[in-house]
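The block underneath contains the structure these notes are about, expressed in structure tokens.
Residue numbering restarts at 1 for every chain, and letters A, B, ... go by the order of the sequence lines.
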Number of protein chains: 2
Amino acid sequence: MEISKKSFKPAYYQVAEAISSKIKNGELKPGSMIPSEAQLCAQYKVSKMTVRRGLSILIEAGYLQSSQGKGTFVSRPNLEEMVVNFSLAGKLTSKLLSVEVIPAPESIARKLGIDRGSKVIYTKRLLFYENEPIIYDQKYLPYVKGKPILEADIEYAELPEMVEKHIDILPIRSELVIKARALNKEEARVLEEEEGKAVLLLEQTVYSQNNKPVGCGQAICHSDRYTLKAVSHPF
Amino acid sequence: MEISKKSFKPAYYQVAEAISSKIKNGELKPGSMIPSEAQLCAQYKVSKMTVRRGLSILIEAGYLQSSQGKGTFVSRPNLEEMVVNFSLAGKLTSKLLSVEVIPAPESIARKLGIDRGSKVIYTKRLLFYENEPIIYDQKYLPYVKGKPILEADIEYAELPEMVEKHIDILPIRSELVIKARALNKEEARVLEEEEGKAVLLLEQTVYSQNNKPVGCGQAICHSDRYTLKAVSHPF
DNA sequence: AAGTGGTCTAGACCACGAC
DNA sequence: TCGTGGTCTAGACCACTTC
């Protein structure tokens with residue numbers, strides 16, 4: 001009825017488009033039930049697997065919700081779950097300020113689940129955009145004896161990459177806590193900004209397979225020059 | 001070979017688990033190619049569609065990457081894309097401070113793509129956690145004549161919901177800009193906090209089908225009592 | 001030509017909900 | 001019992017990459 005087999009778009013995608021456009025233009029309203037899979041198969045002349053694959057796209061995007069035995073229903077698109085792309089690098093240039101092996105401060109030891117005073121690698125980086133300092137980035141990871149650290153590897157590396165290289169563990173999960181805070185004296189000096197200025201603070205922790213923290217870091221972001229953006233999961 | 005048909009977990013899920021555990025324990029290393037779909041079918045004694053469905057889970061989570069004609073390869077899990085659940089409500093209680101129809105201030109008119117001075121609905125809310133004010137929430141949406149606003153609807157409504165009810169447009173996309181800022185006098189009074197204190201500022205804009213902005217808002221978050229959390233897309 | 005991933009089918013069977 | 005979504009199959013065909 002509606003699906004063109006000659007199109008470059010696959011059939012399942014066309015099904016998703018057809019239904020989502022009916023939602024967007026109001027033909028299908030939130031709360032209402034859409035035609036059953038069997039009906040959609042007949043209507044679009046495609047197989048059940050194809051219909052289901054199309055629907056699954058819209059389900060994931062939050063446009064639809066289905067429950068076994070009842071049917072598939074239109075829901076409001078999920079605009080509360082948003083994706084933030086937390087990549088400090090990209091267009092920024094990077095300058096490595098220092099790399100040290102130090103005894104873990106209390107707060108870091110707690111975060112990493114290690115003994116206070118255990119040795120950790122502590123790196124400081126400054127990230128620039130067009131020669132202006134934007135982000136002051138500090139990372140901590142457990143120090144493993146006999147694993148030398150190459151400064152060249154650190155300058156542009158993100159936390160997960162450093163963990164993989166220097167602890168030889170593949171991080172598989174990451175958490176980010178987003179806060180606001182006032183700049184302290186040292187941070188202000190590094191970021192060329194006034195002390196006490198409000199800045200974004202991004203605290204990242206990465207975890208290994210066993211849910212053990214294997215690295216953490218904080219990024220202090222000059223708030224006039226950098227903002228985080230998040231977007232709802234689109235279709 | 002590995003898949004139990006009696007398990008409560010569907011076969012495709014077991015395939016995903018089997019492969020992801022091989023990645024996590026290092027048996028399959030980033031960069032390396034995994035067995036072809038045909039081989040996996042033979043190994044696990046399941047059909048191609050089932051294998052592919054399992055793989056697609058890991059592809060979406062960033063563990064795998066496949067390219068037509070070449071193969072499917074292990075990649076580092078994507079830890080840069082993180083999901084932040086931006087729901088102000090939930091366990092918070094809400095108090096509506098005011099609802100007004102006002103001429104749009106310059107900044108809001110620009111955000112909403114309307115003429116400066118056009119009428120907008122302006123709502124102010126205060127959100128509490130255990131009787132402490134946490135978030136000062138302000139919203140703006142175009143005023144539509146003849147669409148009365150029920151205060152009861154606003155007290156707990158989020159922006160997309162308000163837009164849907166009062167402009168009769170279903171918002172399908174949302175953007176969030178996350179900043180840090182110092183509290184001004186009015187905000188400090190409302191949040192019972194000192195003026196100049198650093199706070200998180202969440203600026204949300206919601207869009208209609210045609211990518212037209214149909215509402216915006218800002219949430220000022222008491223930073224000692226509230227932090228945003230984001231997590232990497234897990235499997 | 002051979003091997004890879006990508007799409008699609010027609011139908012089977014199951015689990016669940018409403019009647 | 002019937003209609004719904006959820007899983008799975010065996011095989012077909014296509015598009016792309018490599019040799």
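Checking Q204(B) against S174(B) by side-chain atom types alone, a donor-acceptor pair falls below 3.5 Å.
Taking the side chain of R52(A) as heavy atoms from C-beta on, and the options dG5(C), dC8(C), dG5(D), the nearest nucleotide is dG5(D). In the set dG6(D), dT9(C), dT7(C), the nucleotide with an atom closest to the side chain of E37(A) is dG6(D). Distances from the side chain of A11(B) to the nucleotides dT4(C), dC8(D), dG5(C) place dC8(D) closest.
Rounded to an integer number of Å, the gap from CZ of F8(A) to P of dG6(C) is 18 Å. Look at OH on Y13(A): it is 13 Å from P on dC8(C), rounded to the nearest Å. Rounded to whole Å, the distance from CD on Q39(B) to P on dA2(C) is 17 Å. Atom CG in L55(A) sits about 13 Å away from atom P in dT4(D), given to the nearest Å. Nucleotide dT9(C) holds its P atom 12 Å from the NZ atom of K45(A), rounded to whole Å. Residue Y44(B) contributes atom OH, which lies 18 Å from atom C1' of dC8(D) at whole-angstrom precision. Between the NZ atom of K9(B) and the C1' atom of dG6(D) there is a distance of 18 Å, given to the nearest Å. Rounded to an integer number of Å, the gap from L58(B) CG to dG5(C) P is 14 Å.
Between the side chain of S7(A) and the main chain of S4(A), no donor-acceptor pair closer than 3.5 Å is present. A distance-only check finds a donor-acceptor pair linking the side chain of Q14(A) to the backbone of K9(A) [under 3.5 Å].
Qualifying salt bridge (charged side-chain N to carboxylate O under 4.0 Å, His left out) partners for E80(B), counting only residues two or more places apart in sequence or in other chains: none.
Close to dT4(D), at under 4.0 Å from its OP1 or OP2, lies no side-chain N or O of S67(A). An OP1 or OP2 oxygen of dT7(D) is reached within less than 4.0 angstrom by a side-chain nitrogen or oxygen of R53(B). Taking side-chain N and O atoms only, Y12(B) has a distance below 4.0 Å to OP1 or OP2 of dT7(D). Dashed line: the shortest gap from a side-chain N or O of S66(B) to OP1 or OP2 of dG6(C) is under 4.0 Å. Phosphate proximity of dC8(C) to S47(A): absent, as no side-chain N or O sits under 4.0 Å from OP1 or OP2. Taking only side-chain nitrogens and oxygens, T72(A) comes nearer than 4.0 Å to OP1 or OP2 of dG5(D).
Side-chain contact between I59(B) and Q65(B) is absent, with no heavy-atom pair separated by less than 4.5 Å.
For residues 127-143 of chain B, the side-chain hydrogen bond (donor to acceptor under 3.5 Å, both in side chains) pairs, not counting sequence neighbours, are Y122(B)-Q138(B), R125(B)-D137(B), Y136(B)-E186(B), D137(B)-K139(B).
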Q: Would you mind building the protein contact string for nucleotides 11-19 of chain C? One character per nucleotide, 5' to 3', B for base within reach (heavy atoms under 4.0 Å), S for sugar-phosphate only, - for untouched.
A: ----BBSS-
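E164(B) has a carboxylate O that lies under 4.0 Å from a charged side-chain N of R76(A), or vice versa, which qualifies the two as a salt bridge.
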